[in-house]
Engineer: 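This is the structure I want to talk about, given as structure tokens.
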Protein chains: 2
Amino acid sequence: MRPDDLPQIRELNIFKGISEESFDELMRASFLQTFPAQMELIEEGEPADFLHVVVEGCVELFAQSNGRESTMAMVYPVSSFILAAIMKDAVYLMSARTNKKSRVLMIPAVSVRHVFDTDPAFSKAMVIELSSCYRGVVKEHKNLKLRTSVERLANRILRYRQKQQNDQITLPYDKKILASNLGMTPENLSRAFNTLKPYGVKVEGNKITLSDVEQLAKFAKPSKLIDDQSV
Amino acid sequence: MRPDDLPQIRELNIFKGISEESFDELMRASFLQTFPAQMELIEEGEPADFLHVVVEGCVELFAQSNGRESTMAMVYPVSSFILAAIMKDAVYLMSARTNKKSRVLMIPAVSVRHVFDTDPAFSKAMVIELSSCYRGVVKEHKNLKLRTSVERLANRILRYRQKQQNDQITLPYDKKILASNLGMTPENLSRAFNTLKPYGVKVEGNKITLSDVEQLAKFAKPSKLIDDQSV
DNA sequence: CCTTACAATTGATATTTATCAAGACACTGT
DNA sequence: ACAGTGTCTTGATAAATATCAATTGTAAGG
């Protein structure tokens with residue numbers, strides 16, 4: 001850990017309000033490391049040794065079984081991942097790889113658990129973080145069980161529009177990953193985009209242009225309890 | 001709350017190790033209530049007022065969107081549900097109804113949050129419970145994204161076999177709910193059972209008889225990281 | 001006891017989604 | 001610049017899953 005990284009780290013939400021001693025203990029054995037794209041950080045089934053926090057870049061969480069692979073989530077700064085495995089001292093349920101060059105803070109599991117037990121501010125922050133993650137997965141699960149693939153895509157486009165505050169949208173990662181994340185094949189994602197053409201969705205590479213948001217929303221029928229990240 | 005219920009409640013895992021004051025505070029405004037089957041306890045979108053704990057019976061968590069409905073999980077004693085909403089002071093993401101006559105402990109959200117802030121043993125218990133729930137949903141999500149419907153059914157049957165320690169299995173609830181929980185229609189569940197007939201799966205009403213567990217397991221390819229509830 | 005309602009199954013069909021194959025395109029590293 | 005690699009798209013086809021309709025069986029309520 002380079003000393004000049006510390007002030008930036010200290011500002012992270014998960015460390016807000018915790019004592020200097022706690023922060024020191026957490027940082028003592030931690031690493032803040034920069035990884036190139038496509039670097040596997042975690043493999044599912046391994047014991048959870050470190051709590052990972054994406055500080056910069058983007059990390060893909062994925063799972064494998066029976067020769068199949070699926071993107072479970074994309075993690076952006078500043079969020080931790082696989083906190084539950086740390087708290088339960090269990091194995092990772094998902095694998096993680098960088099999607100682009102990323103800076104990742106790695107805090108030893110034992111430190112996390114110890115400070116959790118001794119610093120109420122930290123345990124509070126951890127529980128909020130964990131709750132957010134939990135609700136995120138529940139929403140994803142509802143998304144998958146209650147919608148068709150085209151509906152999922154339409155709602156995802158609306159989410160990007162919301163986030164980027166623009167009717168001209170840039171897809172944040174490859175369509176292949178987007179497809180997997182949305183629970184479909186790349187071929188089907190292509191066709192889903194075509195299906196949305198009548199609703200004013202124009203695709204050019206990784207740029208999406210929306211010309212009739214109202215119609216698109218009417219089709220997508222977004223729900224706060226699935227799509228709203230702040231709820 | 002009837003006084004003679006208290007000792008039983010006190011033994012629950014989520015109260016293990018917490019102080020008498022904390023326990024008293026939690027119980028003071030709590031209810032332990034018996035509900036008939038098919039009673040709606042929670043509606044998604046409502047503010048999270050109470051932490052619910054299933055003490056006896058069985059509760060179905062389900063979600064609705066766009067005219068569709070899907071069973072998200074079945075909750076058995078002794079587990080809480082929708083803890084994350086309580087901790088975040090947010091709205092429920094799922095609805096809940098009793099599946100059979102059930103006893104449910106209802107603890108006011110404000111008490112939960114207050115005791116969480118003041119009693120480390122309780123915050124520890126809450127975080128373990130929350131982590132378990134989180135990992136449960138992740139496994140469900142993997143199940144849905146990485147397997148076909150017949151594979152999901154096969155693995156579910158193996159799980160019941162494990163739990164009931166018997167090759168003669170009793171389905172714990174209606175096939176309609178099972179189908180929805182597994183992410184398929186009732187019609188398809190019927191057909192999926194037929195597909196499994198060559199693997200020694202015989203169905204008679206809500207009784208399943210397995211005559212070739214080895215072949216079934218070979219087909220199902222169960223994975224610890226999806227099917228093992230203790231991992 | 002009858003009636004009603006609904007779960008469950010089955011068949012026929014439609015829709016959705018995946019797979020396979022091929023070609024266009026873009027990016028990377030030498 | 002160019003070969004090589006992998007993404008993306010499109011078409012043809014196959015597989016998985018849903019829908020619709022009809023029937024049986026079963027359990028609850030009057």
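As the structure is a prediction and not an experimental result, all values here were calculated from the model. Side chains included, hydrogens not; waters and symmetry mates left out as well; all remaining heavy atoms used. By convention in this document, chain letters (A, B, ...) are assigned in the order of the sequence lines, proteins followed by strands, and residues within each chain are numbered from 1.
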Engineer: Does any N or O in the side chain of B:Gln164 come within less than 3.5 Å of the main-chain N or O of B:Thr170, such that one atom is a donor and the other an acceptor?
Structural biologist: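 Side chain of B:Gln164 to backbone of B:Thr170: a pair is present.
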Engineer: For A:Ser102 and A:Val104, indicate whether the former's side chain and the latter's backbone hold a donor-acceptor pair under 3.5 Å.
Structural biologist: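 No; zero donor-acceptor contacts below 3.5 Å.
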Engineer: Please tell me if B:Thr185 has a side-chain N or O lying less than 4.0 Å from either OP1 or OP2 of D:dA18.
Structural biologist: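 Checking B:Thr185 against D:dA18: at least one side-chain N or O falls below 4.0 Å of OP1 or OP2.
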Engineer: B:Arg152 has an atom CZ; how far is it from atom P of D:dA16, in whole Å?
Structural biologist: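 Rounded to whole Å, this separation is 13 Å.
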Engineer: Starting at atom CG of A:Asp174, determine the distance to atom C1' of D:dT9, rounded to an integer number of angstrom.
Structural biologist: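 The distance from CG of A:Asp174 to C1' of D:dT9 comes to 14 Å, rounded to the nearest Å.
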Engineer: Closest-nucleotide mapping onto DNA chain C: is B:Lys176 or A:Met184 further toward the 5' terminus? I mean the 5' end.
Structural biologist: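 By nearest-heavy-atom nucleotide position, the 5'-most residue is B:Lys176.
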Engineer: If we fit an axis to the first five pairs and another to the last five of the helix from C:dC1-D:dG30 to C:dT30-D:dA1, what angle do they make, to the nearest 10°?
Structural biologist: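 Axis angle across the helix from C:dC1-D:dG30 to C:dT30-D:dA1, nearest 10°: 50°.
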Engineer: Which of residues 187-205 of chain B have a heavy atom under 4.0 Å from DNA chain D?
Structural biologist: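 Within residues 187-205 of chain B, the residues near DNA chain D are B:Glu187, B:Asn188, B:Arg191.
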Engineer: For chain A and DNA chain C, what are the first and last nucleotides along the strand, 5' to 3', with at least one atom under 4.0 angstrom from a heavy atom of the protein chain?
Structural biologist: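 Going 5' to 3' along DNA chain C, contacts run C:dT17 to C:dC20.
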Engineer: Angle between ring planes, A:Tyr92 versus A:His52, binned at 30° and 60°: parallel, tilted or perpendicular?
Structural biologist: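 The arrangement is perpendicular - the two ring planes meet at more than 60°.
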Engineer: Can you measure B:Leu144 atom CG to D:dT17 atom P for me and round it to whole angstrom units?
Structural biologist: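 Checked: the CG to P distance equals 10 Å.
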Engineer: Please check this pair: side chain of A:Arg97 against backbone of A:Leu41, looking for a donor-acceptor N/O pair closer than 3.5 Å.
Structural biologist: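 A pair under 3.5 Å: no.
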Engineer: Starting at CZ of B:Arg68 and ending at P of D:dT19, how long is that distance when rounded to a whole Å?
Structural biologist: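 Going from CZ in B:Arg68 over to P in D:dT19 covers 8 Å.
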Engineer: When you measure from the side chain of A:Lys145 to the backbone N and O of B:Thr71, does any donor-acceptor pair fall under 3.5 Å?
Structural biologist: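 Present.
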Engineer: Has B:Thr195 got a side-chain atom pairing as donor or acceptor with B:Phe193's backbone, closer than 3.5 angstrom?
Structural biologist: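 Checked: no pair found.
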Engineer: Compare every heavy atom of A:Pro186 with every heavy atom of A:Lys176, then report the nearest pair and how far apart it is.
Structural biologist: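 Scanning both residues, the minimum pair turns out to be CG-CG, 4.1 Å.
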Engineer: Measure from the side-chain N and O atoms of B:Arg103 to the backbone N and O of B:Gly57, and report whether any donor-acceptor pair falls under 3.5 Å.
Structural biologist: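 Judged by distance alone, no pair lies under 3.5 Å.
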Engineer: What's the verdict on salt bridge (Lys or Arg N to Asp or Glu O under 4.0 Å) for B:Lys175 and B:Glu187, showing C-alpha distance, side-chain angles and the deciding distance?
Structural biologist: CA-CA 10 Å; B:Lys175 293 203 181 92; B:Glu187 293 96 325; over 6 Å; no
Engineer: Is there a donor-acceptor contact under 3.5 Å linking the side chains of B:Thr209 and B:Lys202?
Structural biologist: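 B:Thr209 vs B:Lys202: no donor-acceptor pair found between side chains.
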Engineer: In this structure, how many angstroms lie between the P atom of D:dA15 and the CZ atom of B:Arg147, rounded?
Structural biologist: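 So the CZ-P distance, B:Arg147 to D:dA15, works out to 23 Å.
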Engineer: Let's go through A:Asp227 and A:Arg147 carefully: what are the C-alpha distance in whole Å and the side-chain angles of both, what is the deciding distance for salt bridge (Lys or Arg N to Asp or Glu O under 4.0 Å) to 0.1 Å, and is it a yes or a no?
Structural biologist: CA-CA 12 Å; A:Asp227 306 288; A:Arg147 285 173 173 162; 2.8 Å; yes
